[in-house]
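Please read the structure below before turning to the comments.
Model, not experiment: these values are computed from the prediction. Heavy-atom basis, side chains included; hydrogens, waters and symmetry copies ignored.
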Amino acid sequence: MSSPVITRFAPSPTGYLHIGGARTALFNWAFAKGQSGKMLLRIEDTDRERSTDAAVAAILDGLTWLGLTWDGEAVSQHARAARHQDVAHELLKRGKAYYCYCTPEELTAMRERAEAEKRPIRYDGTWRDRDPSTAPAGVKPVIRFRAPQEGETVINDHAQGRVVIPNKDLDDLIILRSDGNPTYNLSVVVDDHDMGVTHIIRGVDHLTNAARQTQIYLAMDWAVPSMTHVPLIHGPDGAKLSKRHGALGVEAYRAMGYLPEALRNYLARLGWSHGDDEIFSTEQLVEWFSLEGIGKSAARFDFAKLENLNGHYIRHTADDVLLKHFMAFLPHVEAGPELLAALDEGKQGKLLKALPGLKERAKTLVELKASANYLFAKRPLPMDERAKALLNDEGKAALAGVLPVLAAEPNWIGAELEAAVKAHAEAAGLKLGKLAQPLRAALTGTSTSPGIFDVLEVLGRDESLGRIKDQVA
RNA sequence: GCGCCCUUCGUCUAUCGGUUAGGACGACAGCCUUUCACGUUGUAAAGACGGGUUCGACUCCCGUAGGGCGCGCCA
C-alpha cells in the first residue's frame with residue numbers, strides 16, 4: 001500500500017472564509033475522504049499585523065457550518081517559527097541561502113526603477129555573491145534563498161498539467177525577515193513537509209509560489225508533494241469576485257438562507273465535474289471526486305443556479321430535518337432571533353405541519369421564513385396590496401358566502417373542507433378561484449400561499465374563522 | 001514590462017481525432033392548476049479568430065485577440 005493521502009487547508013486568518021477558500025477546502029476534504037486519507041488544517045498566521053483571533057474563529061465556524069471537518073488540531077504556523085528558522089539556517093549552511101543587507105527602502109527604489117524602465121521587477125542579486133564582511137554597519141540582514149538562475153523549474157500539476165517556469169524569472173526570495181521571522185514560502189514548505197502533506201490542493205494564484213516552493217524542496221532534498229492548482233472563481237461579470245458579487249464569507253451564505261449541502265453541491269460543480277451529474281449527495285461527491293475532474297478555466301459564480309439547487313435541497317429535505325436547519329438559521333438573520341425565541345413547542349408543531357406546503361415554494365430559508373409569517377401573525381392581519389385588491393366587494397361577498405359553510409364543518413380536515421367549499425362553489429355558480437383567492441387574502445394577508453385547504457387545516461378552526469370574520473365585518 | 005495559465009450555448013459544464021456537439025441553470029412557449037411554486041413537454045442558444053497537422057479536428061501544433069493570475073521583509 002502506498003502512503004496514506006494527507007491534504008491540508010491552509011487559510012490565512014486575515015478575514016472570513018470566502019467562497020473560493022470554501023471550495024478549496026471542499027476539494028481538499030473530498031479528496032482526502034475519498035482516498036481514506038486525512039485533511040489537516042493549518043492557520044497561516046505568520047503575519048502578526050493582520051492575523052486576528054476573530055478571523056480564525058470565523059474560518060473554523062465557516063468550515064464547521066459547511067460540514068468540512070479536519071483531522072487533528074488546527075496548526076498555528078506562527079507557533080512553528082523556530083523550526084522555520086532552523087531550516088533557513090540549514091539552507092544557509094548548504095550554500096542555498098545568503099544574507100542580504102539591502103534595506104526595504106533600497107528594495108522599493110529598485111522596484112520603482114524597474115517599473116519605470118519597464119524592466120522585470122526582480123531582486124538584482126546585489127548580495128548574492130558579495131562578501132558579507134563588506135556589509136554596512138547597523139543593517140540587520142534578511143536571509144534570501146539562492147534560487148537557481150539557469151534552467152527551469154517544472155511543476156507537474158494535476159489540474160494545470162506540466163507547467164514550466166524559466167528560472168531566470170524567479171528571483172532570490174526572502175525566507176527570513178530582518179527581525180528573524182520566516183516568510184510565507186519558507187514556512188509553507190517546512191510545514192507541509194513536517195506535517196507529511198502528500199497532496200497540495202490550492203488556488204492557481206499560488207502557481208508561481210509552487211515553483212519557488214519546489215526549488216526549496218529540492219534544496220532541502222525533500223520530496224515534492226503532488227500539486228493541484230484549482231482555477232479561480234470569478235464574479236458574474238467575469239472579473240474578480242467582489243463583495244457585491246459573491247466574495248462573501250460563507251456565513252453570509254448562511255444568512256442568505258442557503259443549506260450547507262446545497263452550497264457544497266454547487267461549489268463542487270464549479271470547476272469540477274463528473275460527467276453530466278449535477279445533483280449529487282456529499283457521499284457521492286466523496287466517492288467520485290478526482291483531481292482529473294478539475295477543470296482549467298476560471299468559473300463565474302451564478303446565484304441563480306445556487307438558488308435552484310438550494311430550492312431542490314429544501315424540497316427534498318425531510319420536514320423535521322428542515323425544521324432543525326431553519327431554527328439553526330434563525331440566529332443569523334434579521335428578526336430571526338425574535339422568531340426563534342417565540343417558537344415554542346406548539347408553534348414548532350404548527351410550522352412542521354405547514355412545512356410540506358411551504359418548502360415546495362421556498363428557494364431559500366429566508367423565503368421560507370417570509371412565507372411562514374402568516375402562521376404566527378396576530379389578528380387582525382395586515383393585508384398587502386394584492387390581498388387588499390382581492391378583498392373588494394366581490395371578494396368580501398364570496399367570503400361571506402363560504403363562512404357559514406366552513407363554520408358548519410364538523411371535522412376541520414383539509415380534504416373535507418375542500419369538498420365542502422367545492423360543493424358550495426358549484427351551487428353558487430362560482431369558479432373555485434373566486435372563492436380561494438379571497439380566502440387566501442383573509443387567511444394569510446397575501447395573494448400567494450400554499451394550497452388554501454392546507455392553510456385552513458394548519459391554522460385551525462377558530463383562527464381561520466376569526467380571520468375570515470375580520471375581513472367580512 | 002516580464003512570466004505562467006485560460007477561451008464550447010448568457011452561466012456551469014460533457015466531449016479525452018470520427019457525435020445531428022450532450023446535460024444543467026437561466027430565458028421563452030405550452031400543459032397542469034384555487035394563487036405562487038413544483039412537476040412536465042417543447043423552443044431558441046456554443047466550439048474567440050487565423051493558419052497548419054490529418055482521410056478527418058472543439059479535441060493536436062503555431063500565431064493573433066481577449067481574459068485571468070503572479071512578480072512584497074503579505075499570505
Original post:
Out of B/rU35, B/rC5, B/rA75, which has the shortest distance to the side chain of A/Q437?
Top reply: B/rU35
Original post:
Would you say the side chain of A/R269 and the base of B/rU11 hold a donor-acceptor pair, judged only by whether the two atoms sit under 3.5 Å apart?
Top reply: no
Original post:
A/G451 near the nucleic acid: base, sugar-phosphate alone, or nothing, with a heavy-atom cut-off under 4.0 Å?
Top reply: base
Original post:
Under the 3.5 Å rule, do the base of B/rC73 and the side chain of A/T183 count as making a donor-acceptor pair?
Top reply: no
Original post:
Nearest to the side chain of A/P120, which nucleotide is it out of B/rA75, B/rG1, B/rC73?
Top reply: B/rG1
**OP:** Any chance you could lay out the side chain to side chain contact (heavy atoms under 4.5 Å, CB included) test for A/M383 and A/L390, step after step, and finish with the verdict?
**Re:** CA-CA 10 Å; A/M383 297 285 134; A/L390 285 168; over 6 Å; no
Original post:
Out of B/rU35, B/rC4, B/rC73, which nucleotide sits closest to the side chain of A/V142?
Top reply: B/rC73
Subject >> Nucleotide nearest A/L207 when distance is taken to its side chain, options B/rC4, B/rA14, B/rC12 >> reply: B/rC4
Original post:
Taking atom P in both B/rA24 and B/rG63, what distance in whole Å separates the two?
Top reply: 39 Å
Original post:
Under the 3.5 angstrom rule, does the side chain of A/R128 hit a backbone N or O of A/R146 as a donor-acceptor pair?
Top reply: no
Subject >> Shortest side-chain distance from A/F453, nucleotide among B/rA24, B/rU34, B/rG70 >> reply: B/rU34
**OP:** Considering only atom P, compute the distance from B/rA46 to B/rG10 and round it to an integer number of Å.
**Re:** 7 Å
Original post:
How do A/W272 and A/R315 order along RNA chain B: which one's closest nucleotide is nearer the 5' end?
Top reply: A/W272
**OP:** Ignoring backbone atoms, establish whether A/K363 has a side-chain N or O less than 4.0 Å from OP1 or OP2 of B/rC38.
**Re:** yes
Original post:
Which part of the nucleic acid, if any, lies within reach of A/H229 when heavy atoms closer than 4.0 Å are counted: base, sugar-phosphate only, or nothing?
Top reply: nothing
Original post:
Is A/R440 side chain donor-acceptor paired with the B/rU34 base, going by distance under 3.5 Å alone?
Top reply: yes
Original post:
Between the main-chain N or O of A/K363 and the side-chain N or O of A/N310, is there a donor-acceptor pair closer than 3.5 Å?
Top reply: yes
Original post:
Does any non-hydrogen side-chain atom of A/E106 lie less than 4.5 Å from one of A/M110?
Top reply: no
**OP:** Go through B/rC25, B/rU34, B/rC69 for me and flag the one nearest to the A/L432 side chain.
**Re:** B/rU34
**OP:** Counting heavy atoms from C-beta on, name the nucleotide in B/rC25, B/rA75, B/rG3 closest to the side chain of A/N308.
**Re:** B/rC25
Original post:
When the P atoms of B/rA14 and B/rG72 are considered, how many whole Å apart are they?
Top reply: 34 Å
Original post:
Can you tell me how far C1' in B/rG47 sits from the matching atom in B/rG66, rounded to whole Å?
Top reply: 16 Å
Subject >> Straight-line distance of A/L17 CG to A/L60 CG, nearest 0.5 Å >> reply: 9.5 Å
Subject >> Ring geometry between A/W288 and A/H274 (parallel below 30°, tilted from 30 to 60°, perpendicular above 60°) >> reply: parallel
Original post:
Should the pair A/Y253 and A/Y258 be assigned to parallel (<30°), tilted (30 to 60°) or perpendicular (>60°) ring geometry?
Top reply: tilted
**OP:** Remember a base hit wins even if backbone is also touched, and classify A/C100 as base, sugar-phosphate or nothing at under 4.0 Å, heavy atoms.
**Re:** nothing
Original post:
In whole Å, what separates the P atom of B/rU11 from that of B/rA27?
Top reply: 15 Å
Subject >> A/A304, nearest nucleotide to its side chain (from B/rG3, B/rA24, B/rG26) >> reply: B/rG26
Subject >> Donor-acceptor pair present, A/D276 side chain and B/rG22 base, under 3.5 Å >> reply: yes
Original post:
side chain to side chain contact (heavy atoms under 4.5 Å, CB included) between A/F280 and A/R269: does it pass, once the steps are laid out?
Top reply: CA-CA 10 Å; A/F280 40 79; A/R269 204 64 190 67; 4.0 Å; yes
**OP:** Indicate, yes or no, whether a donor-acceptor pair under 3.5 Å links the base of B/rG1 to the side chain of A/E115.
**Re:** no
**OP:** Would you mind classifying the nucleic acid contact of A/P450 as base, sugar-phosphate or nothing, using non-hydrogen atoms under 4.0 angstrom?
**Re:** base
Original post:
Taking only side-chain nitrogens and oxygens of A/N209, does any of them come within less than 4.0 Å of OP1 or OP2 of B/rG70?
Top reply: no
Original post:
Between A/S449 and B/rC36, does any side-chain N or O lie under 4.0 Å from OP1 or OP2?
Top reply: no
Original post:
Given that both distances must come in under 3.5 Å, which nucleotide forms a Watson-Crick or G-U wobble pair with B/rC2?
Top reply: B/rG70
Original post:
Using a cut-off of 4.0 Å on non-hydrogen atoms, how would the nucleic acid contact of A/L232 be classed: base, sugar-phosphate, or nothing?
Top reply: sugar-phosphate
**OP:** Round to a whole Å and report the spacing from CG of A/D171 to P of B/rG70.
**Re:** 16 Å
Original post:
Among B/rC73, B/rC12, B/rC69, which is the nearest nucleotide to the side chain of A/I174?
Top reply: B/rC73
Original post:
With sugar-phosphate meaning primed atoms plus P, OP1 and OP2, does A/V188 contact a base, only sugar-phosphate, or nothing at under 4.0 Å between heavy atoms?
Top reply: nothing
**OP:** Could you measure between the two P atoms, the one in B/rA45 and the one in B/rC9, and give it in whole Å?
**Re:** 13 Å
**OP:** Pick base, sugar-phosphate or nothing for A/K305, based on heavy-atom distances below 4.0 Å to the nucleic acid.
**Re:** base
Original post:
Within the structure shown, what part of the strands sits under 4.0 Å from A/S12 by heavy-atom distance: base, sugar-phosphate, or nothing?
Top reply: sugar-phosphate
Subject >> Separation of B/rC36 P from A/R361 CZ (nearest whole Å) >> reply: 10 Å
**OP:** With the side chain of A/L107 defined as its heavy atoms from C-beta on, choose the nearest nucleotide among B/rC73, B/rU35, B/rA75.
**Re:** B/rC73
Subject >> Protein-nucleotide distance (A/L270, atom CG; B/rA14, atom P), rounded to Å >> reply: 12 Å
**OP:** Determine the interatomic distance between C1' on B/rG42 and the same-named atom on B/rG52; round to the nearest Å.
**Re:** 42 Å
Original post:
Which whole-number value in Å describes the distance from A/I155 CD1 to B/rC4 P?
Top reply: 11 Å
Subject >> Touch class at under 4.0 angstrom, heavy-atom based, for A/S371 against every strand present >> reply: nothing
**OP:** Check every strand shown and say whether A/P166 touches a base, only sugar-phosphate, or nothing at a heavy-atom separation below 4.0 Å.
**Re:** sugar-phosphate
Subject >> Given RNA chain B, 5'-ward residue of the pair A/E360 and A/S273, judged by closest heavy atom >> reply: A/S273
**OP:** For the residue pair A/P225 and A/Y217, establish whether any side-chain heavy-atom pair is separated by less than 4.5 Å.
**Re:** yes
Original post:
Applying a 3.5 Å limit to both distances, which nucleotide forms a Watson-Crick or G-U wobble pair with B/rC25?
Top reply: B/rG10
Original post:
In whole Å, what separates the P atom of B/rC12 from that of B/rU7?
Top reply: 12 Å
